[in-house]
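Here is the structure we will look at, set down as structure tokens.
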Amino acid sequence: MLKSVFFRRLVIMLSVAMLIAAAVMLGGYVFLSKDVYADIKLDELHPSLDAAEQLAKEYMAGEIDKDVFERLAEKLLPSNTGTVLYLDAEGNTLFYVDSLLNTDAEGAKRLLYEQILSAEGGADVKQNRLRMKEDSSALALGCPIIDDDGNILGAVVMLSSLKLVTNATGRMSLLVLMLTTIAIPIALIAIVWRAKNIVDPIRRMNDAAKAMAKGDFDIRLDEDIPGEVGELAGSLNNLCAELDHTIRQLSSEKSQLDQLLQSLTDGVVAIDEHGTLIHYNSAIMRMFGAVSVSKREELISDEKVWKVFDEVFNSGKPQTITYPMAGDKVLWITISPVVTSSRERTGVVGLFKDMTEMERVEKLRRDYVANVSHELRTPLTAVRGLLEPLADGMVKDEADRQRYYKIMLHEVLRLSRLITDMMTLSRLQSGTEYMEITRVDVNELVQDIASAYSSTLADKGVNLVLDCPRPVPDAMTDPDRIEQVLVILLDNASRYTPKGGTITISARNAKEKIQLSVTDTGCGIPESDLPHIFERFYKVDKSHSEGGTGLGLSIAQFIMEKLGETISVESEVGKGTRFTLTLQRYVRNAIALGPAGEKHTRYGDDDEKDEYVPNDADIQDDDDVVDAHYEVIEQPQKAEKSQKAEKTQKAEKTQNKAERQGKR
């Protein structure tokens with residue numbers, strides 16, 4: 001409390017005011033008390049003066065004799081230190097009693113000449129400080145002696161010593177001084193107590209204001225204090241509540257703004273009028289590789305960018321610049337000033353947009369148009385080049401004409417394949433292509449495709465290997481679409497595998513799904529081309545000399561996506577490429593076999609331990625298929641009914657295979 005400046009000042013101020021008041025009162029008492037007490041004493045002597053006047057008037061009228069007069073006059077003496085002088089109209093002394101002046105009547109007349117003259121003139125005399133010899137003072141009263149007719153018969157002058165007044169006032173002054181000495185400490189204690197009562201609420205308000213400045217808005221003050229202090233406490237409580245609401249609202253808005261900024265894929269940077277960094281998001285940090293940011297140079301080290309920010313703030317005009325970065329990365333930076341409603345510029349905000357992907361997409365679009373134009377123009381140019389000499393009759397030899405016809409047919413078929421692939425890709429993208437999901441014997445499907453392609457690849461000097469160490473379970477998929485994807489992959493592999501190379505078709509029953517892969521020993525695909533290998537018209541050979549349409553892998557990827565499956569690629573330049581696709585296992589009799597993961601559940605490539613043998617209750621028709629979330633494998637069925645169903649299904653698939661071979 002003593003450390004409080006306001007408390008000390010209040011105590012000092014009240015103490016000084018109290019001391020000044022006490023000094024003024026004590027000084028006033030000391031200097032004025034004598035006159036006041038003298039006047040009071042004069043008023044007390046006035047009845048004695050009136051009695052002396054009446055006595056002298058009766059004596060001069062002859063109503064009393066001289067002895068009675070003198071005896072009574074002596075009794076009217078004010079005190080043992082007083083004087084009474086009776087005079088007639090001629091100034092003769094009628095009676096004189098003295099215990100103050102220590103002189104005779106004539107000496108008293110000389111000392112009291114003015115008072116006697118005034119009294120004989122008919123005026124009353126009243127003096128509270130009559131100067132006498134030896135620096136002494138006395139109280140003086142006097143009055144004329146007037147008969148009933150109004151004639152002045154003489155005068156009476158009465159003196160009383162001032163020592164009585166001085167002694168009384170001295171004692172009273174000493175008493176007042178003692179009381180003041182006692183009262184001042186008590187008053188100081190009362191002042192300190194009262195000042196503490198005044199300062200405490202103000203100190204609590206100060207502490208509350210400091211707490212609010214630190215963010216504590218739950219603090220409240222006592223509003224029951226009477227007077228303006230209580231009203232001030234109530235105002236501070238209202239202010240605290242309003243600040244709490246406002247700060248919470250601002251914090252919520254700031255949090256929303258921060259979340260919005262952080263969720264943006266574009267970089268955002270804001271600086272104030274002093275060029276200090278005030279806002280930035282994680283996207284801008286990723287763009288420039290910043291880790292810890294405390295100033296703007298640590299976020300973007302290039303001063304050219306910040307120079308543009310400063311120019312925009314000074315000019316008030318927005319600017320858009322293109323900022324190239326390493327690795328063919330391009331940023332599009334839009335910088336705009338932040339202007340208030342009063343047209344005052346308070347900062348600058350910049351939007352950093354990564355245009356790399358947009359540039360790539362735009363380039364891909366241009367390449368797509370160019371590729372389509374090229375792929376369409378090439379066969380049309382070839383056909384036109386052959387038709388013109390035929391139409392002009394320039395080709396006479398029948399063998400040459402037949403050769404021209406074959407070339408034109410080849411180019412027309414090539415054009416037809418391109419248009420068919422484009423239409424297929426368009427239908428897949430639009431979702432209008434039909435997918436028929438059914439039970440598929442993967443082993444037979446792979447063998448059929450290998451049989452169909454083995455002779456074609458053998459003619460090219462390429463070996464085809466079927467790698468299926470163990471039979472894989474049936475799959476739930478569209479067999480025609482899977483065959484289409486495998487044909488695309490085989491065609492792609494045969495195009496890039498040199499003579500003497502090997503193409504391997506593998507089938508594995510993986511833990512999650514069935515995996516089919518086509519592996520070649522060709523030239524491989526550069527790592528930079530792998531992310532784009534499934535794009536339309538994308539070819540590793542940019543000269544487009546390999547003869548494909550560039551749409552096969554795109555079609556394969558769209559087919560697998562429509563089937564809910566995946567296709568991936570692995571490649572190493574100079575060693576070869578592997579394409580892997582997944583198939584969902586066929587689910588049958590899931591309740592009888594139990595959930596996946598139990599001992600009787602076996603995958604095709606697992607060790608054949610504790611093989612589950614179903615009982616008669618487990619045997620059901622092939623039509624009783626349950627599309628459940630259990631991933632289980634159909635076990636070998638020993639029942640005759642199951643064997644008949646398998647034979648029937650095998651016959652149907654053999655027929656389908658023959659039909660497909662006929663179509664080819």
Side-chain angles (χ1 to χ4, degrees), residues 247 249-371 429 526-538 542 554:
I247 296 233
Q249 187 175 4
L250 290 175
S251 298
S252 176
E253 292 177 358
K254 184 178 182 299
S255 177
Q256 293 176 3
L257 177 61
D258 290 340
Q259 292 177 4
L260 178 62
L261 290 178
Q262 297 303 325
S263 64
L264 292 177
T265 57
D266 298 335
V268 178
V269 174
I271 61 174
D272 59 13
E273 64 270 18
H274 305 294
T276 305
L277 186 65
I278 56 176
H279 287 298
Y280 60 92
N281 63 351
S282 57
I284 192 69
M285 296 180 66
R286 290 192 299 268
M287 287 179 183
F288 289 90
V291 179
S292 177
V293 177
S294 59
K295 54 184 180 179
R296 68 183 195 177
E297 287 78 11
E298 295 178 355
L299 181 63
I300 303 175
S301 58
D302 193 348
E303 282 295 330
K304 295 179 181 178
V305 177
W306 298 118
K307 185 177 179 181
V308 178
F309 271 76
D310 296 335
E311 291 176 355
V312 170
F313 179 78
N314 294 328
S315 64
K317 298 179 180 179
Q319 293 188 28
T320 300
I321 61 174
T322 302
Y323 186 77
M325 299 183 70
D328 297 332
K329 192 174 183 179
V330 179
L331 297 182
W332 187 24
I333 308 176
T334 302
I335 306 171
S336 305
V338 179
V339 183
T340 63
S341 57
S342 59
R343 309 303 299 171
E344 179 183 0
R345 291 192 292 272
T346 59
V348 178
V349 62
L351 179 65
F352 292 70
K353 190 173 185 63
D354 190 352
M355 301 297 293
T356 307
E357 184 64 20
M358 294 182 64
E359 290 288 339
R360 191 190 68 80
V361 172
E362 179 62 22
K363 183 176 181 299
L364 184 63
R365 186 189 65 80
R366 292 194 299 267
D367 292 344
Y368 176 75
V369 174
N371 289 332
Q429 288 178 325
E527 185 176 357
S528 59
D529 292 322
L530 286 177
H532 313 293
I533 199 68
F534 292 105
E535 295 176 0
R536 293 171 297 181
F537 291 108
Y538 190 87
K542 300 300 188 294
S554 296

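Please read these numbers as outputs of a predicted model, since none were measured by experiment. Starting from 1, each residue takes its place in the sequence as its number.
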Legend entry - Non-hydrogen side-chain atoms of L299 and F288 separated by less than 4.5 Å: no
Inset, instruction - Determine yes or no for a side-chain-to-main-chain donor-acceptor pair under 3.5 angstrom, with T322 supplying the side chain and W332 the backbone. - result: no
Inset, instruction - Please name the residue in the list N281, T334, I335, I333 that meets the side chain to side chain contact (heavy atoms under 4.5 Å, CB included) test with F352. - result: I333
Inset, instruction - Would you confirm whether S263, through its side chain, and Q259, through its main-chain N or O, come within 3.5 Å as a donor-acceptor pair? - result: yes
Legend entry - Under 3.5 Å: donor-acceptor pair, side chain of W306, backbone of G275: no
Legend entry - Nearest-0.5 Å distance, CG of residue L257 to CD of residue Q262: 9.5 Å
Legend entry - Flag if over 12 foreign heavy atoms under 6.0 Å of CE, M325: yes
Inset, instruction - Identify the two heavy atoms, one from N314 and one from R345, that lie closest to each other, and give their separation to 0.1 Å. - result: O-NH2, 3.2 Å
Legend entry - Enclosure of E253 CD (heavy-atom neighbours >12, cutoff 6.0 Å): yes
Inset, instruction - May I ask you to check whether over 12 heavy atoms, not counting those of K254, lie within 6.0 Å of atom NZ? - result: no
Legend entry - Atom pair OG/CZ of S336 and F313 - distance to nearest 0.5 Å: 14.0 Å
Inset, instruction - Look up atom CE in M285 and atom CD in E298, then write down how far apart they are to the nearest 0.5 Å. - result: 10.0 Å
Inset, instruction - Would you mind listing every ring pair (Phe, Tyr, Trp, His ring centres under 6.0 Å) that reaches into residues 256-284, with sequence neighbours excluded? - result: none
Inset, instruction - For T340, check side chain to side chain contact (heavy atoms under 4.5 Å, CB included) against everything at least two apart and list the hits. - result: S342, E344, T346
